[in-house]
Every structure is written in C-alpha cells, then in structure tokens.
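Letters go in sequence order (proteins before strands), and every chain restarts at 1. Treat the numbers as computed from the prediction; the structure is a model and nothing was measured.
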Amino acid sequence: MEKWMLIDGNSIIYRAFFAIPPLTNSSGSHTNAIFGFTTMLLKLLEQEKPTHVLVAFDAGKVTFRHEGYAEYKGGRQKTPPELSEQFPVLKELLGAFNISQYELAGYEADDIIGTLTKAADDKGVETFVVTGDKDMLQLASEKVTIAVTRKGVSEVDLYTPEAIQEKYGLVPMQIIDLKGLMGDVSDNIPGVPGVGEKTALKLLHEHGTVENVLANLDKLKGKLKENIETHKDDAEMSKKLATIFREVPFEKSIDELSYAGYDGPKLAEAFRKLEFKSLIERLQLGAEAGDMEEEAQAAAADLSIHVIESEQHKEALDRLVDILGKTDKNGLYIEAIGENPHHAELIGLAIAAEDAVFAMPYSVIKQPFAAKLRDWLEQADKPKYGFDLHKVELALKWSGIGFEGSAFDVQLAAYLLDPTEASQTLSGINEKQGLSLLPPDEAVYGKGAKFKVPDADTLYRHLSLKAEAVRKLVPLLTEELSNTGMSKLYFDMEHPLSRILAGMEFQGIKVKSEELEALGRNLEGQLTTIISNVYKLAGMEFNIGSPKQLGEVLFEKLGLPAKKKTKTGYSTDAEVLEELAPYHDIIPLILHYRQLSKLQSTYVEGLLKEVRKETGKIHTYYRQTIAATGRLSSQFPNLQNIPIRLEEGRQIRKAFVPSEPGWSIVAADYSQIELRVLAHIADDENMKEAFIHDMDIHTKTAMDVFGVTAEEVDSNMRRSAKAVNFGIVYGISDFGLSQNLGITRNEAGKFISDYKEVFKGVRQYMLDIVQQAKRDGYVATLLERRRYLNDINASNFNLRSFAERTAMNTPIQGTAADIIKLAMVHMDATLRERKLKSRMLLQVHDELVFEVPQDELELMKTLVPEVMAGALKLDVPLKADMSFGDNWYEAK
DNA sequence: TATTTCACG
DNA sequence: ACGTACGTGAAATAG
C-alpha cells in the first residue's frame, strides 16, 4: 500500500523558526528552524510511515498570482536573515534524509502539493499533507488528510472532510469561498471589509459559494450588503487567489518520491555539523559500534602509541620520562572507573608529550621499573596537564601514589567557560573546541548495566586519544580563559581549590556509628507505632511511602479534598498535607512518618553505609564542576544537607566528631552573606548602611517597609520581611512571595513595590542586570565567573522569566560562592604557613567546619572568622559567626 | 530510568 | 495571558 506524505516546506520552516527559541551552533549559524523542522519530520515519519515523501518549496518571489494582483503577499515582513540562512542547510539535510524536494519558478509549494493530491485522488492513494497554512484544507478528500501544525510545530491537527464539516460546516472546496469573503492578512488577500470568519461562515452556510452570495445580495441588508456590493470584485479576486492551482507541470515521476529511510552516516554527519546531539542520540546515529571503531582507528592512526606493559618495555618508559623531563607540555589521562573517586578503580593511563603517546595499564605504576614515572607524578615541580585531576588525585592517593604538580585541568577550565554545560566530558569538550573526533566513553565502555572495560589494545588506544586531546586542549582553553577574563579566577582560585578539596575529602570526617545506630533504633520504634496508627485510621494497610497509594487512600478512600496534581496523579507533598491537617487525624501522622523515615533512610542508614570500616570516617566528594552558580556540590554522601532545622533531625549532627581525642569541632558561617553581597553589588545606600551598622537586616527591612520603629517590629512583620529578602535574592515574583507567605498576590505585590521604594539601589540593580544579560547573553560574579543565559531573549514567557530570575540570582549566589572559595584558599594557606595541626573538613555553602586540637582552639576561634571575613573587601563588612564543641551538633 | 518528595544553603 | 521563587543530592516507588 502506497502512502504519500507531502510537506509544505516554506510554511513549516517558517512556523518552526518562530516557535523554537534561537539556537546557534558553535560557529554561529542559526539552526532553530531546522531543528524544529527536523523534529517534526522525524515524528511524522515514524507515525505515518509513508512510502513516498516530498517537500515542496516556493520558488522565486513572483508567482502567477501576482499577474492579476501585484500586491499578493505584499506588506509581508522580509524573511529574517536568521531564517534565510537556514534554507540551504535544510535542503542539504533533506538530501541526507533521502527525501526528494521540488520547487518550480512561478509556483508556490501549495500549488505543487495541490497538483500531487489531485494525482493521489485520481489514483486513490492515501496521502498526508503537512502544512502550517489552513488554506490547504481545500485539498482534503476521502484519501487526502491535511495535517496543520499547532503549538509551533510540535503537534498537528488532522483535517479530513468530516473534520472540516464538523469545525466549519463546510466542504473542503468551500475553504476558498471562506478566504474570498474573509481574506487573509498574512497573504495580503483583501476579502470583504467587515467580514470576518463568523460572518463569512454564516453567509456560506446560507448560500454555499461567493458567487451565490453575490447573486443573492438582495437578501442582505445594511452595512454588510453595502460592503459586499462595493467589494464584489475583491471577493471574487480573493477567492481566485486563495484557490490552489492544481495543474503545475510536475516533472518528477512518482517513483522518485519513494522513501526508503535515511542515510545514517550522512545524517549523523549533518547533525554533527548542526550540533543536534539529542537527535544523534535519539536515532542512535552516534554509537554504532562499527562506525565508532572505524573512526577511533582512523583518529588513532596518526598517533604513534607506545604501549608499556612490563619490564620488557623499560626502554619506552625511560624515553617517556626523558621527554617529560625535557618539555613542560604534556597531556595526562588517568582512567579511574566508578563515579566515587574514593572507591574508583584505576585501570590505565596514557601520557602524550611531543609527538608520541605512551599508554599502560595502571598496574605498571606500582612496579619497580616504573619508579621514575612514579617520581614524576609525585614531584611538585613537574607540571601535569590533565582532565579531572581532582578525581585522579584522590584515586591515586587511595592507591598509595602521591600526586603533585597539577598545572591545568581541562575539565575545570571547561566548567568555568560554560558552567551550564551538563556533562563536562572530554569528548564533549573536544568536540566543542572543534578538534578531531574523540569517541565518547560510552562508545568504548558501554553504559549502565552494559559497562565493560574493553580489551587492552582498545583501551590503550582510547586512553591515548584522550591524553592527546588533553594536550591539544590545554592551550586552547588557557587562551579562552584569558579572552573571557577568567584566568585569575582559574589559576588563583579554582585550580588551587581543587587540590584543597582533594585534601579535605581524603582526610574525611569521623562519624560515631554507634550514635547513628542508637538513633536508628529509636526511629525504628517510633515508625512502627506511627505505621500501625496510620493503618488503623485508614482502615487498611498500604505503603505509606508510595505517593500513589497514599494519594488513593487520602483522596479516594478517605475522600479528602485533592489540592494539587502532579503529572502522574495527586500531589501529596508536605505543603498539601499541611493544608489537609484540619480534615483528618491521619495527616499529622503521615507528616511525622515522612519526617522520620527520611531521617532513617537517608541519614541513619544512608550515612552508615558511607562510613569506612577501617577508619570510621566519611569521605564526601565535593564536585567543583556541577553547579551553574559556582557553588560546590557534595556527593557520596552529600554532607551539605545534613538536617539542622528540626531538632529531631539535628541530632544526626551529634555523630560527626573530631577524629582525634581531645580535639574540637569548630564551625563558622557567614552572616547574611548573600544580602551583604547584594548590598555591595546593587550599591544600595540604605542596605549598605544597615550592614555597616551590623543591624538585623530582616528587622531593618521590616522597619523601612512597614514604616515603624525597631520596637514596633513584631515577629510577623520580621517574618514577612525575611521572606521578601529571600525573594529578592531569588529574583522575586509576587506569586512566589504570595505562596511563601500564604498571602494574596496583590498583597505580595504591594510588599515588593514597598520594598523597592525603600531599597532603590536594589530595584535599579534588578533592572540593570536583566538588561545586561539581554545584551551580553551572560551575567558574571564579582570575580568574573560567568553564566550564560540562553533563554534570556526567548519569546516563551516561562523560559524568559526563568532566565531573568536567574540573571538576578546568579551574581549574588555566585559571588557568595566565590567568597567562601577564596576564604578556603586563604585558610588553607594560613594553616600551612603557621604549621597548624587544625584541619579544614567541610564546606556547606556559607559555612566551614574544622577539627582543632586543644592547643589551637583559642587561636582558631578568632583566626577562622577573621580569615573568612577578610576573604574579599566589599563596601560592607563581611561577618562570620563561630561556634565550637565536641561534635557538629554542639558547634551551633 | 523517571518521578516525587524532602534534606540543606 | 502566560505560571513561577535560586542552587543542589539521595531515597523510594513505579513504569
């Protein structure tokens, strides 16, 4: 069975262009319309499975329609150059799809499609027309379905003659009469003035055609009659213009339209140029084993790889060490398998230097004949250029090998250059920098359950390619850091910090397992009681931990009012449950259950699993290349979200203790760092004044916003002021604030405008920073850390609003992150210079945690806050509060 | 693997 | 008119 798919190329690409936010590839070519077109095409090919496909395009500016009416399509905006440039690329892409295309001077795409649907009607071939233009509905027939795009290009409405009847009460051919009467602004077809869709439909339901309407003018009256009478010619001409010409001299044979699938490699190549990575993945064009193998081999062909596996290869190893001694340029890649560097398995490494690459299994490092290479790794004056050296350093340390002389990290640099790039993989960075292909790790190792270390030769080759990529990337990224003003940020802060983090992580923090276990037993008992009470109140047993089952019990069985919905069902989050509390006694129990089971699973059981048996310590892994704002993140386990707000959870902190007897935990946190940063950045005199006098900022805010004295500020006013301050930092909206405070949007809006009246500098900052982001495409912190905001000029309100809030928040959160990172670098240097035994253990965004011996306690109590406060000079003082105790709980 | 919920700043 | 607070990670359930 044949099935044709006919696509109105111009109409779809136009629609796609306006529906998809601007996209460019790294060479600056616009690709959004092509992307939209392609995703729609792929979807329809899959859904409709056509045997024949044709994309028709308009050709030339003048068509036969202009002969009778020169203004046809007049008044249209010129095609934007951002779209024009995409036409040739799209046409080339269709080539890779093996889809035929057709255009003919003097005719529009509609006419070509009209001609083909006529043939389809004659032959009785099922046909599917894709367009963004409702004019085409006139072509619908028993065999011909018209798909009109909706919501941009992501969805289509299908029009059969029945559907048209249902929607308009017309047969397909009457669509031209409809256009004849109502006209079409976009094509500059006049129609009859004063006649819109409603009136036109009414007239046609009565009289059927334009001609009949004109013949029956006497049955009309008033202004309508007058209008039609005077614009009779317009109506007839408009109808003619709207009529699709179905006799185009179509010179292809139908066979030429046949579609048998796309050309995989060609399409992959085209997508690569366009940088449509998601589409490459979706069609699995990238990871075809055979291709990859070939490409990797080709890429490795120019590389002279020296494998060092045993003492037999001592000569090669000596040569390597010799080269490393002579040059200070190299590329080091050490492969550590596993996400957690504290448990990663080192399997091999490669070093690129001058024009050779040396690859070896990791075991070689441990052998006597490799002593010189070990020395090289451990010597601080021998620079190493690598990828994710933070992880490498940790993995090496655990295996008993030191690592010094880290000079540059490609991953860390790439993160600074674009912190929003999701996966900072070497392959991705390589591609972005336009270097020759480096197969992604997935292609070599497989992913998920299929992960497997390949045979030795494949591994050596892959590691060699990576080492070579590192070597080539170092100068490119160094240059880019310099071009973007981030060299200092990199070399003075981020890079040194990565070494400090590795030290903190390897050091670890002591955890008393008995403490956690005791807490766990207590929780266990409480949970058992709560569960049985919940079952009683529910009248049945179910899994309280399942939002689905809980939703059914609460909203169906117990008939409580459902408030919010998630995409899969009822929402049962704490906010919803708190509102339901007055309705049923089961609610507080469920909230309590949630709270305790979170403690039990995440914090008691979760943390216990991470305690090293040998040392009784937990070693978190701070990730420096994840957060878009420049903050650190913490994994395996996350020690940046240990409970503190509720007393029951706070108990967890009692298990975090010093690792040596008699030592103390010292914790210091910045006071209001984000608002202080805001006062500085926004240069807001009133807010700066408040901090210069070290006032309680929330009380001060309440005083100014409500116009009262300090004594008159009650707890409710302070709470509101605090919420507004938070909101300001997040990029406020009246809705967000109203949600947070449980007040109406109007009230929230009033708060915000009052606030902005009081803090005029803040208001100006919010306006300026968004403006600046729209102009530059990025925002920056005080230390010049950048974050690009791709959606800042999006036409989609949601995306744009999100980007605007991010523009307001990132310089604040990011500068605060810069400051504590700076404090960590200073603190580390101070501890070293003074040869102190105290150790920096943890960072929690605005807090640093140390373990401190007795004889240094008094010193550290003043030193830590001093160093933190002095990390960066702002127009307002920075302040850090210090506390100490026998464990993290006591240090409050 | 995706979704929901909740812990932190 | 649009539908929202900013930044993270982990655990459990469900598909």
Between Thr625(A) and Tyr415(A), is there a donor-acceptor pair closer than 3.5 Å when you use the side chain of the first and the backbone of the second? no
Regarding the side chain of Arg594(A), the nearest nucleotide among dT4(C), dT5(B), dC8(B) is dT5(B)
I'd like to know if Arg645(A) reaches the base of dG9(B) with its side chain, counting only an N/O donor and acceptor under 3.5 Å. yes
Side-chain N,O (Gln549(A)) to OP1/OP2 (dA14(C)) below 4.0 Å: yes
Using atom P in both nucleotides, what's the gap between dC2(C) and dC6(B) to the nearest angstrom? 28 Å
For nucleotides dA7(B) and dG3(C), find the distance between their P atoms and express it as a whole number of Å. 29 Å
Does Val844(A) reach a base, just sugar-phosphate, or nothing at all? Heavy atoms under 4.0 Å. sugar-phosphate
Indicate, with a heavy-atom threshold strictly under 4.0 Å, whether Ile644(A) touches base, sugar-phosphate, or nothing. sugar-phosphate
OP1 or OP2 of dG9(B) less than 4.0 angstrom from a side-chain nitrogen or oxygen of Arg631(A), does that happen here? no
Provide, to the nearest angstrom, the distance between the CZ atom belonging to Phe735(A) and the P atom belonging to dG3(C). 11 Å
Quiz question: by atom type and distance under 3.5 Å, do the side chains of Arg787(A) and Thr810(A) form a donor-acceptor pair? yes
Any base atoms under 4.0 Å from Phe726(A), or only sugar-phosphate, or nothing? Heavy atoms, all strands. nothing
Taking the ring of Tyr755(A) and the ring of Phe759(A), is the distance between their centroids below 6.0 Å? yes
Using atom NZ of Lys564(A) as one end and atom P of dT4(C) as the other, report the distance to the nearest whole Å. 10 Å
So, is the end of the Arg786(A) side chain (NZ or CZ) under 6.0 Å from the ring centre of Tyr778(A) and within 45° of the ring's axis? yes
Show, in sequence, the C-alpha distance, side-chain angles and deciding distance for Ile642(A) and Tyr603(A), and conclude whether the side-chain contact (heavy atoms from CB on, under 4.5 Å) test is met. CA-CA 8 Å; Ile642(A) 303 303; Tyr603(A) 296 104; 4.0 Å; yes
Is the closest side-chain donor-acceptor distance between Arg594(A) and Thr572(A) under 3.5 Å? yes
Out of dT13(C), dA5(C), dG15(C), minimum distance to the side chain of Ser546(A) belongs to dT13(C)
Check every strand shown and say whether Ala748(A) touches a base, only sugar-phosphate, or nothing at a heavy-atom separation below 4.0 Å. nothing
With the side chain defined as heavy atoms from C-beta on, Gln595(A) is closest, among dT8(C), dA7(B), dA11(C), to dA7(B)
How is Ala816(A) classified with respect to the nucleic acid when contacts are heavy atoms under 4.0 Å: base, sugar-phosphate, or nothing? nothing
Select base, sugar-phosphate, or nothing to describe what Asp669(A) touches, counting heavy atoms under 4.0 Å on all strands. nothing
Run the ring-centre check on Tyr621(A) versus His390(A) and record whether the distance is less than 6.0 Å. yes
Just checking Ser597(A): base, sugar-phosphate only, or nothing, at a heavy-atom cut-off of under 4.0 Å? nothing
Nearest to the Tyr730(A) side chain among dA10(C), dT4(B), dG9(B), which nucleotide is it? dG9(B)
Between dA5(C) (C1') and Glu575(A) (CD): distance, integer Å: 12 Å
Rounded to whole Å, the CD-C1' distance (Glu674(A) to dC6(C)) equals 8 Å
Nearest-angstrom distance from the residue atom OH of Tyr622(A) to C1' of dG9(C): 13 Å
Which nucleotide, dA14(C), dG9(C), dA11(C), lies nearest any side-chain atom of Gln635(A)? dG9(C)
May I ask you to verify whether the side chain of Gln640(A) and the base of dC8(B) hold a donor-acceptor pair under 3.5 Å? no
Do the side-chain N or O atoms of Asn543(A) get closer than 4.0 angstrom to the phosphate oxygens (OP1, OP2) of dT13(C)? yes
Mapping Ala627(A) and Glu610(A) to their closest nucleotides on DNA chain C, which lands nearer the 5' end? Ala627(A)
Using whole Å, what does the distance between atom C1' of nucleotide dC6(B) and atom CG of Leu599(A) come to? 10 Å
Considering only dG9(B), dC6(C), dG9(C), which nucleotide approaches the side chain of Ile626(A) most closely? dG9(C)
Please determine, for dC2(C), whether a Watson-Crick or G-U wobble partner exists with both distances under 3.5 Å, and give it or none. none
With a 4.0 Å limit, can you tell me whether Thr566(A) has a side-chain N or O closer than that to the phosphate oxygens OP1/OP2 of dT4(B)? yes
I want to verify a distance call: between dT8(C), dA11(C), dG3(C), whose nearest atom is closest to the Ala628(A) side chain? dT8(C)
Apply ring pair (Phe, Tyr, Trp, His ring centres under 6.0 Å) to Phe884(A) and list each qualifying residue two or more places apart in sequence or on a separate chain. none
Please determine whether a side-chain nitrogen or oxygen atom of Ser801(A) lies at a distance below 4.0 Å from atom OP1 or OP2 of dC2(C). no
For Asn641(A), answer base if it contacts any base atom (sugar-phosphate contacts may also be present), sugar-phosphate if it contacts only those atoms, and nothing otherwise; contact means non-hydrogen atoms under 4.0 Å. base
Ser633(A) side chain, from C-beta outward: closest of dT4(C), dT8(C), dA7(B): dT8(C)
On the nucleotide dC6(C), are OP1 or OP2 found under 4.0 Å from the side-chain N or O atoms that Arg805(A) carries? yes
Just to be sure I understand the rule, does Gly606(A) reach a base, reach only the sugar-phosphate, or reach nothing, if contact means heavy atoms closer than 4.0 Å? sugar-phosphate
How would you label the contact of Thr810(A) with the nucleic acid (heavy atoms, under 4.0 Å): base, sugar-phosphate, or nothing? nothing
Heavy atoms only, 4.0 Å cut-off, all strands: where does Leu632(A) land among base, sugar-phosphate and nothing? nothing
Distance between C1' atoms of dA5(C) and dA2(B) (Å, rounded): 24 Å
Rounded to whole Å, the CG-C1' distance (Asn740(A) to dC6(C)) equals 12 Å
Scanning all shown strands, the Watson-Crick or wobble mate of dA12(C) with both distances under 3.5 Å is dT3(B)
Can Lys654(A) and Gln651(A) be counted as having a side-chain donor-acceptor contact under 3.5 angstrom? yes
Atom-pair distance (OH on Tyr593(A); C1' on dA12(C)), nearest Å: 9 Å
If you check the Thr806(A) side chain, which of dG7(C), dG3(C), dT13(C) turns out closest? dG7(C)
Just to be sure I understand the rule, does Lys598(A) reach a base, reach only the sugar-phosphate, or reach nothing, if contact means heavy atoms closer than 4.0 Å? base
Assign Ala574(A) to base, sugar-phosphate, or nothing according to its heavy-atom contacts below 4.0 angstrom with the strands shown. sugar-phosphate
Among dT4(C), dT4(B), dC8(B), which nucleotide has an atom closest to any side-chain atom of Arg745(A)? dT4(C)
